[in-house]
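Letters go in sequence order (proteins before strands), and every chain restarts at 1. Since the structure is predicted, the reported quantities are computational estimates derived from the model, not experimental observations. Keep in mind that the numbers below use all heavy atoms, side chains included, and drop hydrogens, waters and symmetry copies.
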Amino acid sequence: MTPLEEIRHSCSHVLATALLRVFPDAKLDIGPPTDTGFYYDVDLDHKLTAEDLAKIEAEMKKVVEENQQFVRREVPREEAVEIIKKIGQERYKLGRLADIPEGEPISFYQNGEFVDLCAGTHVRYTKQLKAFKLLSIAGAYHRGNEKNKQLQRIYGTAFPTKDELQQYLERLEQAKLRDHRKLGRELKLFHIDDDVGQGLILWTPAGSIIRQELQTFISEELRKQGYSQVFTPHIGKLTLYKTSGHFPYYKESQFSPIFENESLAKAIGENCSCAEAFSRLEAVSEKMRQDINGRVGREVIPADRTKPDDQLLDGFLLKPMNCPHHIKIFASQPHSYRDLPVRLAEFGTVYRWEQSGELNGMTRVRGFTQDDAHLFCTEEQVGQEVLGCLSLVKIVLTTLGMHDYRVRVGLRDPDSNKYTGSAENWDKAEKACREAAKTLGVSFTEEPGEAAFYGPKIDFVVKDVIGREWQLGTVQVDYNLPTRFDLSYIGADNQPHRPVMIHRAPFGSMERFCGVLIEHFAGDFPVWLAPEQIRLVPISDKVADYGHNLLAQLRAAGLRASLDEHSDKLGAKVRRAELEKVPYTLVLGAKEAEAQSVSVRSRAKGDEGVIPFAQYLERVKQEVATRALPEKKKA
RNA sequence: GCCCAGAUAGCUCAGUUGGCAGAGCACGUCCUUGGUAAGGACGAGGUCGCCGGUUCAAAUCCGGUUCUGGGCUCCA
């Protein structure tokens, strides 16, 4: 353990010591250090409140004051059981003891009256714990399994010194100020309305400008890289998603199907129960089952999912993914190997039924638009195409100054059966991803179980202001959907061949990306993205005409500007523009009107003095055209 | 979905033991015509999330429900 982890881990023991003094009947589970502090999971009938937290923290301070020594003791397994029984903590600790493999040492740590099964290590004396604070109470399932009892988790944080603790707490406060939900409301970027629905984003005019600029930006890159733009509808027939495998395997994370009227009327006429109707919705014909299973070479649709044709119910699904629609565009025409790769791109809106407790501002929603594309290529082209996709993601992140991300190669979980396709194809796809990731020049981790159900992927993961990780850009290699949909192209040998698909989205979703972007810039967007780029501030209405004149010129140049004609004094108008995070404020008085000049105040530098308007116009046009990043603010 | 905590004006928040619904900012009108982060006066704005119960009387107490927040679980 690092020294900091020792401090935090020791704090969690002190927390447990104090907790048992206040609530002697608490049953302890585990209390490890974390990246930002520590916690202890406890089972306690009493519902802990904020007041309890204060009480426990006060007791912790006493424990520290008592300067208890942490003493390690290794014991044989039988004795460990005795100790746990003696301290009355058998409910969870016996299970934790059983987790320790045979042959590993079993150790207890004691400080004062408190004894805990623990591998260590710890600081030597409690007085070494100089700066800690309990932060919150949360529910957490025992062993992280939702089938187990939910325990109360007490979160806290600790640092070597009071100064560092104070700095951390201030950082937390700062983080709250740039939370995209708060800024989104203040800067009027988006709205979520109860009557429209949870997790459904309404893009307001200001937010729509940011989204539109991002889409224009990526579209320019797509043209350079030989993509074709397509449009597809928001729904598709269930049959489509039965073929792709989305339905019913991921039924629980989709909106309910929309029944097709005649089909439903017929089922009702047969007095078909709800349960029966759903079973018919999920079922496939024997022919479809044989076709798909034959193509993929193993049983991906089990026999018990078939029903006679006349009993199949049909309907539509709000699309959970864009791939099936794009596949159908590809399949609508014959392709020669000379046509490949075919790259179909769409800002495609998809809908997923996220559990209510998981929704979060713009970053976890139920309807979102992916900057999606599907590449159909030969097996030989896979490596190069994946590289092209990765470079696109890097262009996006670099242009926006987002350098703090990690790369994750998501592989299949060898113990799970949720994946479709042959092991052989999976091996090939995983190899392609791994090799592409190596060329990125950034470190990456390989994580089993993080793959999509149809193939492995390379994800770009960034942290939000409070440390939560969000997957943004993604590139996925897929040997499976082409098989399920029986896609082919004619090769040089005049024989049909199976193409390989690549799914990729450099932003991921417009919603999540904008949410993270708001926090990344703390609302201070680069000029090219700023909803309002220039605020004209006349000192008095005597120069209103000059203001209108400049406004017209700025707008004619394609810039987003407004004129503040309120009767406030200059200071108030400047303040308003600052709070609204407008990059440039142009102050106009009699002198400027006379000289056709403007007094420039930039968000980054403050008052920059008077320059000719024509000169300013060139400067800002240049800044927009190059998509320049904002300069660092003056301190 | 689960645990805990919340919901009062557009925003941030006060509201005592159950007794006429409050402030600041924003907004509107008027006065003020000014030089780089708040000029002044007046005004408008609320079915206290929603439904039900207790009570002479509910923002306040009780039950339910919806939504939000912090976690947990999940995220093809």
At under 4.0 Å between heavy atoms, what does A:Arg468 touch on the DNA or RNA strands: base, sugar-phosphate, or nothing? sugar-phosphate

Describe the nucleic acid contact of A:Gly144 in one word from base, sugar-phosphate, nothing, applying a heavy-atom distance below 4.0 Å. sugar-phosphate

To the nearest 0.5 Å, what is the distance between CD1 (A:Ile258) and CD1 (A:Ile235)? 5.0 Å

Need one value for A:Ala544: base, sugar-phosphate or nothing, where a base atom within 4.0 Å counts as base even if backbone is also close, heavy atoms only. nothing

With sugar-phosphate meaning primed atoms plus P, OP1 and OP2, does A:Thr49 contact a base, only sugar-phosphate, or nothing at under 4.0 Å between heavy atoms? nothing

Measure from the side chain of A:Ala572, starting at C-beta and using heavy atoms only, and say which of B:A38, B:G34, B:U12 lies closest. B:A38

Under 3.5 Å donor-acceptor pair, A:Arg364 side-chain atoms to B:C75 base atoms: yes

Between P on B:C2 and CG on A:Asn145, what's the gap in Å once rounded to a whole number? 16 Å

NA contact type, A:Lys47, heavy-atom cut-off 4.0 Å: base, sugar-phosphate, or nothing? sugar-phosphate

I'd like the C1' distance from B:C62 over to B:A23, given in whole Å. 31 Å

Base, sugar-phosphate alone, or nothing: which one does A:Leu151 contact when heavy atoms must sit under 4.0 Å apart? nothing

A:Leu550, A:Val587, A:Val610 screened by side chain to side chain contact (heavy atoms under 4.5 Å, CB included) with A:Val598, the one that passes: A:Leu550

Taking atom P in both B:U8 and B:C50, compute the distance separating them and give it to the nearest angstrom. 10 Å

So, does A:Arg143 get its side chain near the phosphate of B:C72, meaning an N or O under 4.0 Å from OP1 or OP2? no

In whole angstrom, what separates A:Arg603's CZ from B:A37's P? 17 Å

B:G1 phosphate, OP1 or OP2, under 4.0 Å from A:Ser356 side-chain N/O: yes

Of all the choices, B:G35, B:G70, B:C74, which nucleotide is nearest to the side chain of A:Ser136 once you look at every atom? B:G70

When you check the phosphate oxygens OP1 and OP2 of B:C72, does a side-chain N or O of A:Tyr155 lie under 4.0 Å from one of them? yes

What's the gap between B:G45 and B:G28 when it is taken at their P atoms, as a whole Å value? 16 Å

Rounded to the nearest 0.5 Å, how far does CD1 of A:Ile292 lie from CD of A:Glu299? 12.0 Å

Using a 4.0 Å heavy-atom cut-off across all strands, classify A:Gly571 as base, sugar-phosphate, or nothing. sugar-phosphate

Nucleotide B:G1, atom P - distance to CD of A:Glu358 in whole Å: 10 Å

Heavy-atom nearest nucleotide on RNA chain B taken for A:Gly139 and for A:Trp470; more 5' hit belongs to A:Gly139

Would you mind reading off the distance between A:Leu48 atom CG and B:C3 atom C1', rounded to a whole angstrom? 12 Å

Could you tell me how far apart A:Asp524 (CG) and B:A37 (P) are, to the nearest whole angstrom? 16 Å

Assess whether one donor atom and one acceptor atom, taken from the side chain of A:Tyr141 and the base of B:G1, lie less than 3.5 Å apart. yes

In whole angstroms, the gap separating P of B:G10 from NE2 of A:His191 amounts to 12 Å

Considering every strand and a 4.0 Å limit on heavy-atom distances, what is the contact class for A:Ala140: base, sugar-phosphate, or nothing? sugar-phosphate

With a non-hydrogen cut-off below 4.0 angstrom, is A:Arg576 in contact with a base, only sugar-phosphate, or nothing? nothing

Choosing from B:G34, B:A38, B:A76, which nucleotide comes nearest the side chain of A:Ile539? B:G34

Test side-chain hydrogen bond (donor to acceptor under 3.5 Å, both in side chains) applied to A:Asp41 and A:His142, step by step: CA-CA 8 Å; A:Asp41 282 350; A:His142 173 54; over 6 Å; no

Would you kindly check whether a donor in the side chain of A:Gln150 faces an acceptor in the base of B:C2, or vice versa, at under 3.5 angstrom? yes

If you check the A:Arg575 side chain, which of B:U12, B:A37, B:G69 turns out closest? B:A37

Can you confirm whether or not the ring centre of A:Phe190 sits under 6.0 Å from the ring centre of A:Trp203? no

Quick one: does A:Glu592 reach the base of B:G35 with a side-chain donor-acceptor pair under 3.5 Å? yes

Would you say the base of B:U68 and the side-chain of A:Gln198 have a donor-acceptor pair closer than 3.5 Å? no

Taking the C1' atom of each, how far is B:U66 from B:G18, in whole Å? 26 Å

Interatomic distance, OG@A:Ser244 vs CG@A:Leu481, rounded to 0.5 Å, equals 6.5 Å

In Watson-Crick or G-U wobble terms, both distances under 3.5 Å, what is the partner of B:G45? none

Just how far is it from atom CD of A:Glu57 to atom CG of A:Leu135, taken to the nearest 0.5 Å? 8.5 Å

Span that lies between the C1' atom of B:U47 and that of B:G35, in whole angstrom: 49 Å

What contact category does A:Ala451 fall into here, base, sugar-phosphate, or nothing, at under 4.0 angstrom with non-hydrogen atoms? sugar-phosphate

Tell me which of A:His566 and A:Arg153 sits closer to the 5' end of RNA chain B, going by the nucleotide each one is nearest to. A:His566

Nearest-nucleotide pick for A:Gln254, side chain only, options being B:A76, B:G34, B:G35: B:A76

How long is the line joining CD of A:Glu51 and P of B:A5, in whole Å? 10 Å

What is the pairing partner of B:C75, taking Watson-Crick or G-U wobble pairs with both distances under 3.5 Å in any strand? none

Distance check, C1' atoms only: B:A9 and B:G43, in whole angstrom units. 15 Å

Closest approach to the side chain of A:Val574, judged atom by atom: which nucleotide of B:A76, B:A37, B:U33 is it? B:A37

If we check salt bridge (Lys or Arg N to Asp or Glu O under 4.0 Å) with A:Glu282, which of these qualifies: A:Arg305, A:Lys242, A:Lys251? A:Lys251

Return the pairing partner of B:C30 with a 3.5 Å limit on both distances, Watson-Crick or G-U wobble; otherwise return none. B:G40

Tell me the interatomic distance from A:Asp541, atom CG, to B:G34, atom P, rounded to whole angstroms. 10 Å

Could you tell me how far B:U16 sits from B:C72 if I compare only their P atoms? Round to whole Å. 35 Å

A:Phe453 and A:Tyr250: aromatic ring centres closer than 6.0 Å? yes

Write down the distance separating the C1' atoms in B:C56 and B:C42, rounded off to the nearest Å. 40 Å

With both distances kept under 3.5 Å, what pairs with B:G6, Watson-Crick or G-U wobble? B:C67

For B:U60, the nucleotide meeting Watson-Crick or G-U wobble distances (both under 3.5 Å) is none

Examine distances only and state if a side-chain atom of A:Arg153 and a backbone atom of A:Tyr39 form a donor-acceptor pair shorter than 3.5 Å. no

How is A:Lys591 classified with respect to the nucleic acid when contacts are heavy atoms under 4.0 Å: base, sugar-phosphate, or nothing? base

